[in-house]
Amino acid sequence: MNYPKTFQELIECFEQFPGVGPKTAERYAFYAIKENKITEIENLIKTLSDSLNLIHECSICGMITDQDICDICSDESRSNQLMLVEDCKSIIAYEKTKAFKGRYHILKSLISPTNGIGPEDIGLEKVIDRIRKNNITEVIIAFPANLEGELTSLYIKKVLSKENVKVYQIGYGLPVEASIEYADEITLIKSLESKKEM
Ligand SMILES: [Zn+2]
């Protein structure tokens, strides 16, 4: 016999999570229906529902937030440096180092010819808008050290050469292909200290 339909659907829900295979999904599903876990699971359902309702992208920088504008964008003490990053996890990684006091911007995507993502798809117009409106004096590009990161950096450098702004790229002590989120704090601090003007 098979599992009841509802239970099978529960397994399939878990299977959609990254890194969760069929066996793990089955284990999670059994865990979720244990009687002594009811409070825990109800809390999970509530938190999940709140997250879906409240969390969205900051309309300025693209970081996730449960406010209109994220804490970093609302912080007026931040400098006029703007760090361009690939994702939210990069922001959190740099924030943990406390070595960067400027602002951030998450690009819509990095240029990726293999995935059909071209220069017009990365949302650079929003960055240019911020540079012009917010007196940004310095842009620091902090993408992962891979082909997509390099292509995007070069394109951005070319476009921003027409703006009144200095463009830097973080120095890479980062391993090639490694995501910024996995780099340790010392490496991230060094990557800022060794930034190079492009
Ligand atoms: Zn923001």
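Numbering of ligands and ligand atoms starts at 1, following listing order. Index from 1, following the sequence.
Salt bridge absent: R130 and E163 never bring a charged side-chain N and a carboxylate O closer than 4.0 Å.
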Stepwise, does the side-chain contact (heavy atoms from CB on, under 4.5 Å) test hold for L151 with Y155?
CA-CA 6 Å; L151 281 175; Y155 174 73; over 6 Å; no
One pair to check against side-chain hydrogen bond (donor to acceptor under 3.5 Å, both in side chains): E26 and Q8. What are the steps and the verdict?
CA-CA 9 Å; E26 194 179 5; Q8 188 57 43; over 6 Å; no
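By the 6.0 Å contact criterion, CG on N53 is enclosed, its count of non-hydrogen atoms from other residues, nucleotides or ligands being greater than 12. By the 6.0 Å contact criterion, CG on D68 is open, its count of non-hydrogen atoms from other residues, nucleotides or ligands being 12 or less.
Counting only residues at least two apart or on different chains, the ring pair (Phe, Tyr, Trp, His ring centres under 6.0 Å) pairs with a member in residues 29-50 are Y3-F30, F7-F30.
Protein N/O/S atoms nearer than 2.8 Å to the Zn ion (ligand 1) total 4.
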